[in-house]
Amino acid sequence: MSDTTKAGLLLRLSGPLQSWGERSHFNERDTARFPTRSGVIGLLAAALGRRRGENIDDLARLSLTVRADRPGVLLRDLHTVGGGLPPKATVTTAEGKKRSGDTTTLLTHRTYLADAVFTIALTAIPDNTGLLTRTATALSSPQWPPYLGRRSCPPEGPLLLGRFDDALHHLVHLPIAAPPPQHGPHGIEFLSDHPLDHLPTPEDTCPPDAETGSHPSGEVNDQPLNFHPRQRAYRARPLYRRTLHLPADQFTGLGTDHLTSLATYLHEHLNHPEGSHR
Amino acid sequence: MLTPARFIDIHVLQSVPFANLNRDDTNSVKTVQYGNTLRTRVSSQSWKRAIRSVFEDRIGQAALRTRRIGERVTRELEQRGWPAELAQRAGGHTAAASGIKFELAKSSGDAKQTVPNKVLTNAMVYVPEAAVAELADLAEQHREELQQAKDIKKPADKSILPVSTVEAVLRSRNGVINLFGRMLAEINDAGVDGAVQVAHALTTHETDVELDYFSAVDDVTAVWNDATGSGHMGHAEFSAGTFYRYATLDLRNLVANIGDDPQAARELTTVFLASFITSLPQAKKNSTAPHTIPDLVHLSVRTDRPLSYAAAFEKPVQASPQGGFADVSRTQLAAYAQAANTLLGTTGILTSGWASLETKDLTGLGERRDSFDDLITTALDTALTHTAEANA
């Protein structure tokens, strides 16, 4: 099996809201512009029924490649706690002090990614078929309800698209959950923890002079080491980016229209999407 | 141990007139972009609080979220006939034994003066209301020692009550906590993962936020008619629309939280679903009275995974030729459900049904029921019969 034909799972991360915290701290909960490795691995661990603090080393070895079907927009949401109470009756701040003012409602800001859809490939290096099978089964019938980075963000529609012998090929070819571009070619961004110059790209999809994703464009601090609530730890990993101009007919619209195209594609390329137990 | 049917998904379509159920820090209507159009949004936190308050009323159970647990114990002991001074000392010792760092309340007259025994825990505890009586019982068992003990006067003072027993009471749960969960970081193993997951509600269609300009008449000026102009001018934001609301209840998680008690599982689930259907955040209710009921409720019991139908409205609903979003939203929801069933198969659906003001048939949403109660009962019968079979 060559480097470009890795077995893997394809997942669809779609919902009105998602939130992939990157540097969240106390009252400011941020989100990255794309699903983080820690977020996705947490999603898999929860589906498998692993409690916080349980070993995730096997999952952390899976490689993640993201296709941003619709990158979405940032939404900043205000959330209050302890409204209308005098300072001494409300919660203590992180510094152990009380807030000043007559009524110290605690304000927290949470940033979400609205209107985003991502298709992701999880590939095993070296191909670990047992892990892929267990994970696929768990995603079709998860231990705990899945969510897109935050509990109030359930995924809509199919989460697991299926298991493919050539996951990256299908990551490039699957219907895109967005309306066809109105004005000329529209770049679809791919993000990965591995170089993207080997991405199986169809002809005419690589914009001239575009980066091929052979070198990292930066680093992200999202490689999870431990999810234990008191010992959460992450380390940095490289981030590779590449943009492809995919054909207009691959953009299959929103909602029911997209779901129907997805069903047709999966029916042609794989006879068993999530749910239909072969 | 019970092995129930896993997930109960509830989908609601509800039209809400000119209102602002959930505001941000500038009093604006909360919104979200979806399918490249702007929708009105009500955050999950806001709607969840509305659900919890209806739930607590109906189930006749309350949970107490407070820093003043010691004072509650004091009052309970006073009602049991304890002398005030001893009751205050007992309350202080109870809170000081919680294992949570604390401070003493300041005197209302002099902010520099602390009040002995009036202990405020630095974190809020979240306990069943019944915990107050249990803590008072504990104080009764230790009454003699409390009579000999010193007052709690500073945060370093130690309680004479057993920390492990008090912590055990603070770890106790009731239906509310078993269902909605609890975060209590300072006491080991007091955290409970909630069994319900609630999504943000959003309109099925594009909404325009309306800026409502208003002025307030000065009554004296109006009577004397000696000046023009109003006493006050301002503006407020509102919007109207048909919301899609979704939540899922993890039966296995609930049963793990409450232990092997099928009757309790049934009661909590029934009341949660009924509360989800009838609750409405109360913001600006006196200005808009937006007290509507759902137009359609769709329930499904699934053995595989929860499934949100939010994408049914990713392409925004267009008002029907006669106007109105409810009718078109129902049709679009049913069409999406049908497509999802085709893609994923229906083997994961144990039962599904709907109840609505609509009388037309809606393929894709299962069997039609006459009332919301009927819908809940039938779904639960299946979910819990399945439980019995799985156990047999």
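To find a chain, count down the sequence lines: A is the first, B the second, and so on, and within it residues start at 1.
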> Which is it for H170(A) and Y265(A) under the side-chain hydrogen bond (donor to acceptor under 3.5 Å, both in side chains) test, yes or no, and what are the steps along the way?
Replying inline: CA-CA 10 Å; H170(A) 292 285; Y265(A) 183 95; 2.7 Å; yes
>> Checking side chain to side chain donor-acceptor pair (under 3.5 Å) between H200(B) and each of K30(B), R41(B), R39(B), which is the one that passes?
In response: R41(B)
>> Between A263(A), P16(A), P154(A), who has the most heavy-atom pairs with chain B when the cutoff is under 4.5 Å?
In response: P16(A)
>> Need one label for S308(B): side chain, backbone, both or neither, based on atoms under 4.5 Å from any heavy atom in chain A.
In response: both
>> Quick check on the interface: out of P145(A), A116(A), C153(A), who has the most heavy-atom pairs with chain B under 4.5 Å?
In response: P145(A)
> Among L307(B), T248(B), T66(B), D193(B), which residue forms the greatest number of heavy-atom pairs with chain A at distances under 4.5 Å?
Replying inline: D193(B)
> Is the backbone N or O of T40(B) less than 3.5 Å from a side-chain atom of T203(B), with the two atoms forming a donor-acceptor pair by type?
Replying inline: yes
> In terms of side-chain geometry, is the basic nitrogen of D250(B) or R252(B) positioned less than 4.0 Å from the acidic oxygen of its partner?
Replying inline: no
> Given a strict heavy-atom distance threshold of 4.5 Å, which part of T31(B) is in contact with chain A: side chain, backbone, both, or neither?
Replying inline: backbone
> Can you name the closest pair of heavy atoms from F276(B) and A247(B) and give their distance?
Replying inline: CE1-CB, 3.6 Å
>> With a 4.5 angstrom heavy-atom cut-off, is it the side chain or the backbone of P146(A) that approaches chain B, or both, or neither?
In response: both
> If you tally heavy-atom pairs under 4.5 Å against chain A, which of A340(B), A312(B), A195(B), G35(B) wins?
Replying inline: G35(B)
> Charged N to carboxylate O below 4.0 Å: is that the case for E314(B) and R70(A)?
Replying inline: yes
>> Among T260(A), L75(A), T264(A), L262(A), which residue has the highest count of heavy-atom pairs closer than 4.5 Å to chain B?
In response: L75(A)
> So which part of Y112(A) gets closer than 4.5 Å to some heavy atom of chain B, the side chain, the backbone, both or neither?
Replying inline: side chain
> Can you tell which of R23(B), Q33(B), K101(B) has the highest number of heavy-atom pairs within less than 4.5 Å of chain A?
Replying inline: Q33(B)
> Side chain, backbone, both or neither: which part of T342(B) has a non-hydrogen atom closer than 4.5 Å to chain A?
Replying inline: neither
> Of all heavy-atom pairs between S38(A) and Y234(A), which one has the smallest distance, and what is that distance?
Replying inline: CB-CE2, 3.5 Å
>> Under the side chain to side chain donor-acceptor pair (under 3.5 Å) test against E103(B), which residue among K154(B), K118(B), R67(B) passes?
In response: R67(B)
> Does any heavy atom of chain A fall under 4.5 Å from the side chain of Y246(B), the backbone, both, or neither of them?
Replying inline: side chain
